[in-house]
Chemist: 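Got a structure for you, questions after.
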There are 2 protein chains.
Amino acid sequence: MRVVIADDAPLIREGVARLLAENGVDVVDQVGDADAALASVRDLRPDVALVDIRMPPTHTDEGLRAAREIRSRYPDTAVLVLSQHLESDYALQLVEEKPERVGYLMKERVGRVEQLLDAVQRVAAGECVVDRAVVDELLARRRRVDPVEELTSREREIIALMAEGRSNQGICRALWLSPKTVETHIRGAFAKLGIKEAPEDNRRVLAVLAYLRR
Amino acid sequence: MRVVIADDAPLIREGVARLLAENGVDVVDQVGDADAALASVRDLRPDVALVDIRMPPTHTDEGLRAAREIRSRYPDTAVLVLSQHLESDYALQLVEEKPERVGYLMKERVGRVEQLLDAVQRVAAGECVVDRAVVDELLARRRRVDPVEELTSREREIIALMAEGRSNQGICRALWLSPKTVETHIRGAFAKLGIKEAPEDNRRVLAVLAYLRR
DNA sequence: CAGCGGCTCAGGGTTTTCCCTGGAATCGCC
DNA sequence: GGCGATTCCAGGGAAAACCCTGAGCCGCTG
């Protein structure tokens, strides 16, 4: 079992490498960013690539981009994404295409080292391994219908500008709409967000809060 | 050099333990929560306690509480706090009392394993080791005077209610003030927050954003 | 093709927000 | 004792943010 590890934090990377090595996994390379990960997989063709999501330069989702790239270019290499936090959206878009030879675990939720080893074995064998928390979160989201999802694209655009502190007039200029149109959309959005008129509430702020809370 | 490691994520904890052990550090115990950490330090009196901040049950600052407890009860044990993110406030309150035998590092910013070893040695020797990023952040905060700090307590109270989506009238009822008084305070807050009138901006939302961004 | 939802506007109206000016009471501080 | 900062409030007015109804246009779907 040959594995490449990509994580920008040497402390984590080295630690995980030791754990794997101790348990008979051959850690053939360690890298600290996405480009290096791609190069390493290209050259070494490991059985599994263990990839952290946040890596330089932007520390957002380069690990995930790299994971997709690896899956499409080197389908024989399984990809196991290790994330710091629960970001179900990322996990979903990773798995939804083809749920094979791929996995998504959270570092903090790997209860025992054996779980990581097990996951590595299973993705290498072609299985799809996803942390329970991801599944729970996605199901929970289905249940509580997020009112923001109810908005039409235009309404969402307008609420987004509103959430940046724009006035109706500012929104008009930004989207080239008449003031009346903006008002109409805002009214529609309020209704869909369940914000009814109440003398003690400021609907605009409530809408912004609902939008930002996602 | 005898060390106790407290971190609720076995993956991290075991990894760090391996790294230290490999480099001649005697890891005498590993625990997964704050109470166990205190018990372990009490029984084993290690040279250094390596403590993660977030641990069960609340996953907020129990590691930090444990760290303070260790420092006061077992002053011969140095404490090195390992945090996931940059939380300068925590770091500051840890160090400000007595900057000795204590340290604060960020997992992701430990560039090389040697840095961790070095930090362990130094806190054990009585030094105070703080990640550069913490220092930078605290200094930067001094420089940019947070405009929210400029508000009077009454103004801050009112902006806080505003940030919950209350209307002026709602604020009146909550604080038993006349509408005119609320207006006056809001105007004062706008001025101090640097929110000038602009036709394309909604000042109320901008104030809420400024307040929430802290 | 009829119907429906989304997008675009208008007229005409009310309420809320926010402006300026100005006054008065309290409190701490030099 | 005066002076500044804070807090409380008022009148008067402009502008913005809302409401309702109604309407034309588009694209999709049954």
Side-chain angles (χ1 to χ4, degrees), chain A residues 145-214, chain B residues 145-214:
Chain A
V145 269
D146 185 350
V148 175
E149 298 296 322
E150 302 288 298
L151 302 181
T152 67
S153 65
R154 203 53 158 170
E155 285 165 347
R156 202 160 23 238
E157 250 181 313
I158 287 176
I159 297 294
L161 288 168
M162 194 192 263
E164 290 173 6
R166 306 260 202 150
S167 65
N168 288 6
Q169 190 183 325
I171 297 170
C172 292
R173 288 207 200 259
L175 300 179
W176 283 102
L177 294 174
S178 101
K180 287 297 191 180
T181 303
V182 173
E183 282 183 29
T184 304
H185 286 307
I186 289 177
R187 232 177 309 127
F190 282 171
K192 289 178 184 169
L193 292 174
I195 300 174
K196 281 165 289 195
E197 85 170 297
E200 312 220 343
D201 292 340
N202 180 297
R203 321 259 266 301
R204 200 175 181 94
V205 172
L206 286 176
V208 169
L209 293 175
Y211 179 77
L212 293 180
R213 200 177 42 226
R214 192 113 10 121
Chain B
V145 271
D146 186 352
V148 175
E149 299 297 321
E150 302 286 296
L151 301 180
T152 68
S153 65
R154 203 53 159 170
E155 285 165 348
R156 203 163 19 241
E157 253 182 308
I158 287 176
I159 297 294
L161 288 169
M162 193 192 263
E164 290 174 6
R166 308 258 202 151
S167 65
N168 288 6
Q169 189 183 326
I171 297 171
C172 291
R173 288 207 200 259
L175 300 178
W176 282 100
L177 294 175
S178 99
K180 285 299 189 179
T181 303
V182 172
E183 282 183 29
T184 304
H185 286 308
I186 290 176
R187 227 177 312 129
F190 282 172
K192 289 178 185 168
L193 292 175
I195 301 174
K196 282 163 287 194
E197 84 171 299
E200 313 222 339
D201 292 340
N202 181 296
R203 305 211 264 300
R204 200 175 183 92
V205 172
L206 286 175
V208 169
L209 293 175
Y211 179 78
L212 292 180
R213 199 178 42 223
R214 197 146 349 140

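The chains referred to below are lettered A, B, ... by the order of the sequence lines, with proteins before strands, and numbering in each begins at 1.
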Chemist: Phosphate oxygens OP1/OP2 of C:dA10: is one of them under 4.0 Å from a side-chain N or O of A:Ser178?
Modeler: yes

Chemist: Rounded to whole Å, how long is the line connecting atom NZ of A:Lys196 with atom P of D:dC19?
Modeler: 14 Å

Chemist: Can you tell me whether the side chain of B:Thr184 and the base of D:dC9 have a donor-acceptor pair closer than 3.5 Å?
Modeler: yes

Chemist: Within the structure, does a side-chain N or O atom of A:Asn168 lie under 4.0 Å from either OP1 or OP2 of D:dA16?
Modeler: no

Chemist: Within this structure, what is the CD1-to-P distance between B:Ile171 and D:dC8, rounded to whole angstrom?
Modeler: 13 Å

Chemist: Starting at CD of B:Glu183 and ending at P of D:dT7, how long is that distance when rounded to a whole Å?
Modeler: 17 Å

Chemist: How many whole angstroms separate atom CZ of B:Arg187 from atom P of C:dT21?
Modeler: 10 Å

Chemist: Between B:Ser153 and B:Asp201, name the one whose nearest nucleotide on DNA chain D is closer to the 5' end.
Modeler: B:Ser153

Chemist: Verify, without hydrogens or angle tests, whether B:Thr184 (side chain) and B:Lys180 (backbone) share a donor-acceptor contact under 3.5 angstrom.
Modeler: yes

Chemist: Is any side-chain heavy atom of B:Asn168 closer than 4.5 Å to one of B:Pro179?
Modeler: no

Chemist: Classify the nucleic acid contact of A:Thr152 as base, sugar-phosphate or nothing, counting any heavy atom under 4.0 Å across all strands shown.
Modeler: sugar-phosphate

Chemist: Spell out, as yes or no, whether a donor-acceptor pair under 3.5 Å connects the side chain of B:Asn202 to the backbone of B:Arg204.
Modeler: yes

Chemist: OP1 or OP2 of C:dT15 sitting under 4.0 Å from any side-chain N/O of B:Ser167?
Modeler: no

Chemist: For D:dC9 and B:Thr181 - does any side-chain N or O of the residue sit under 4.0 Å from the phosphate oxygens OP1/OP2?
Modeler: yes

Chemist: With a 4.0 Å limit, can you tell me whether A:Arg203 has a side-chain N or O closer than that to the phosphate oxygens OP1/OP2 of D:dA17?
Modeler: no

Chemist: Evaluate A:Phe190 against A:Glu197 for side-chain contact (heavy atoms from CB on, under 4.5 Å), listing each step before the verdict.
Modeler: CA-CA 9 Å; A:Phe190 282 171; A:Glu197 85 170 297; over 6 Å; no

Chemist: Could you go step by step and tell me if B:Thr181 and B:His185 meet the side-chain contact (heavy atoms from CB on, under 4.5 Å) rule?
Modeler: CA-CA 6 Å; B:Thr181 303; B:His185 286 308; 3.7 Å; yes

Chemist: Report the nucleotide, chosen from D:dA16, D:dC8, D:dC18, that has the shortest atom-to-atom distance to any side-chain atom of B:His185.
Modeler: D:dC8

Chemist: Go nucleotide by nucleotide along DNA chain D from the 5' end; which of A:Lys180 and B:Trp176 gets its closest nucleotide reached first?
Modeler: B:Trp176

Chemist: Whole-Å distance between C:dT16 P and A:Phe190 CZ?
Modeler: 14 Å

Chemist: For a quick check, tell me whether the side chain of B:Glu197 and the base of C:dC19 share a donor-acceptor pair closer than 3.5 Å.
Modeler: no

Chemist: Nearest whole angstrom, please: distance from the C1' of D:dA17 to the CZ of A:Arg166.
Modeler: 18 Å

Chemist: Does the pair B:Glu164 and A:Val205 meet the rule for a side-chain contact (heavy atoms from CB on, under 4.5 Å), with working shown?
Modeler: CA-CA 8 Å; B:Glu164 290 174 6; A:Val205 172; over 6 Å; no

Chemist: Please report the distance, rounded to the nearest Å, between CD in B:Glu155 and P in D:dT7.
Modeler: 6 Å

Chemist: Using OP1 and OP2 only, check whether a side-chain N or O of A:Asn202 sits under 4.0 Å from C:dT17.
Modeler: yes

Chemist: Should B:Arg204 be listed as having a side-chain N or O under 4.0 Å from OP1 or OP2 of C:dC18?
Modeler: yes

Chemist: Rounded to whole angstroms, how far apart are CD1 on A:Ile186 and P on D:dC20?
Modeler: 14 Å

